[in-house]
Protein chains: 2
Amino acid sequence: MKQRLAAIGTVETLPHRVAAFLSREIESGELNPGARLPTEQELSEKFGVSRNVVREAIAQLRADGMIEARQGIGAFVLAPEQRAAIRIDREALKDTHNMERLFELRCILEAEAAALAATRREKEHLDSIKAALDRMGGEERWEEGSIDADLLFHREIARATGNSYIHTFISFVCEQIRQSIHYARLTNPLHDLVEINVGEHVRIYDALVAGDPDAAEAAMRAHIVGAANRVGVKLPLQKTTGAR
Amino acid sequence: MKQRLAAIGTVETLPHRVAAFLSREIESGELNPGARLPTEQELSEKFGVSRNVVREAIAQLRADGMIEARQGIGAFVLAPEQRAAIRIDREALKDTHNMERLFELRCILEAEAAALAATRREKEHLDSIKAALDRMGGEERWEEGSIDADLLFHREIARATGNSYIHTFISFVCEQIRQSIHYARLTNPLHDLVEINVGEHVRIYDALVAGDPDAAEAAMRAHIVGAANRVGVKLPLQKTTGAR
DNA sequence: CGGATCCAGTTGTAGGATGATATGTATCAC
DNA sequence: GTGATACATATCATCCTACAACTGGATCCG
């Protein structure tokens, strides 16, 4: 747990700050695709840091496919479609409207994933899903432990689809939501404990055991809409009927 | 175009190679979460590079949330759930099975996105979607131009959902698929020109204009299954009925 | 005019030096 | 002996300088 807190409250290192600055400049359109960045020396003078720091910052942006550096010429901004990675700005997560969008994305992914999982799940998957479910209800303290179990439950369902990309994407989105909730609790301590509806989870699990994709999808959709409501986010989804 | 080729055939810089090595070691489980990496000096000796290069490599991994460095102690491997970014290994894209998984993920995202877009699209969105559609059919040469138009068509639909995260995710997945097709064509030159079914696109567009979410979703689903087939990937989706 | 060569600018890599921080050890007072 | 303090060590963070590799243009030469 200490490890997680350390990860969240990570100190802002100089290269990280420089990278964030350049990144925002690119996102905001001040540096258009194809434009050339200032030289490393100019940047190091501008920010008052060593060239080494600038290079580490650029290494980060380059790894994301945001810019491309060519020896002897300079560094250039790439088009957004050429990004090699998806990264979500933690600052943006503090905005409730963005949280709503994130929940919407999560709903899309997980609802379909639940349907897939219902047709493909094997015994091993059901066992680990059940284990997460038990941990969730068994925890006396509603704190971190049961939140972890909740996330594990969702990740295990994603894994049961047999599609590693789906697993990766869902894990990622869930983790972003966890962290944005974490922030929200810091600034708004009245949500001291997070309410988890075990009944909704059980309905999902039952549908998976039954191998019914439509029921699994509907249950998952209802659950995520409910979870969003419980943290104060209203999902404007049109598909709450579920049945088809 | 030269720009894109340069981006794809980018030279392997030393920090990139070191980062890739460490990354593989983490993914393969040789370095478990919580494990401590060798010191920067040890790594620089092991790889025969300067400490500077090692630091740039670590900066990349750290930006992805794959490792966490703590001053005075060392660098530690983080759990996969704590990743701050999604990155897809280009090497993995050369595997047909992975392409199938990627198409499946794409189908999930885009089908639901099309339904959302049908209810939320405004005139501006319809105009840009139509423009992409015209470019697609109008291109004489089936080469890059119309592939670009195809991708733009899908991205504009994603944008019409009004959810920037959905837009980002779909753009990303589409781009990965584009590149994996690019690779496939290099090794298998019999697919010299990519076939694009304009009719399928028109049906999607019509459903969006009509504002019919179910029709849009079904049309999108059918289109992506068709597109996968045309590049030799068979999608094992259970939901080809579409109508609800 | 054409071509080879040189030159200045930029990124890539190397190596060392110093500061900041965490951990363990030794010393000292009591 | 015990506790607190000071010190030593290890490690990452940052800075600095220098040189190598590469590019593009200027210059020079025929």
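Predicted, not measured: the structure shown is a model, and the values here were computed from it. Just so we're on the same page: letters track the sequence lines, and every chain starts at 1.
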Quick one: is D/dC12 close enough that its OP1 or OP2 comes under 4.0 Å of any side-chain N or O from B/Arg55? no

Please determine whether a side-chain nitrogen of the Lys or Arg among B/Glu156 and B/Arg159 lies less than 4.0 Å from a carboxylate oxygen of the Asp or Glu. yes

Roughly how many Å is it from CZ in A/Arg51 to P in C/dT11, rounded to a whole number? 7 Å

Quick check on DNA chain D: between A/Gln71 and A/Leu14, whose nearest nucleotide comes earlier from the 5' end? A/Leu14

Send over the distance from B/Glu45 CD to C/dA14 C1', rounded to a whole Å. 14 Å

Atom pair distance, as rounded to whole Å: CD in B/Glu56 and P in C/dT11: 12 Å

With hydrogens left out and only the distance checked, is there a donor-acceptor pair under 3.5 Å joining A/Arg70's side chain and the base of C/dG12? no

What integer distance in Å separates A/Phe76:CZ from D/dG24:C1'? 12 Å

Gap between atoms CZ and P, on A/Arg17 and D/dT14 respectively (whole Å): 9 Å

Rounding to an integer number of Å, can you tell me how far A/Arg36 CZ sits from D/dT23 C1'? 11 Å

Round to a whole Å and report the spacing from CD1 of A/Ile73 to C1' of C/dT10. 9 Å

Looking at B/Ser50, I'd like to know whether one of its side-chain N or O atoms comes within less than 4.0 Å of OP1 or OP2 on C/dT13. no

Taking for each residue the nucleotide of DNA chain D bearing the nearest heavy atom, is the 5' side occupied by B/Asn52 or by B/Glu40? B/Glu40

Is a salt bridge present between A/Glu40 and A/Arg55, judged by a nitrogen-to-oxygen distance below 4.0 Å? yes

A/His223 and A/His154 aromatic ring geometry - parallel, tilted or perpendicular at 30°/60° bounds: parallel

Answer yes or no: are there more than 12 heavy-atom neighbours, outside B/Arg36 itself, under 6.0 Å from its atom CZ? yes

Would you please confirm or rule out a distance under 4.0 Å between OP1 or OP2 of C/dG12 and any side-chain N or O of A/Arg62? yes

Are any of the side-chain nitrogens in A/Arg135 or A/Asp148 under 4.0 Å away from the carboxylate oxygens of its partner? no

Whole angstroms only, please: what is the CD-C1' distance between B/Glu68 and D/dA13? 15 Å

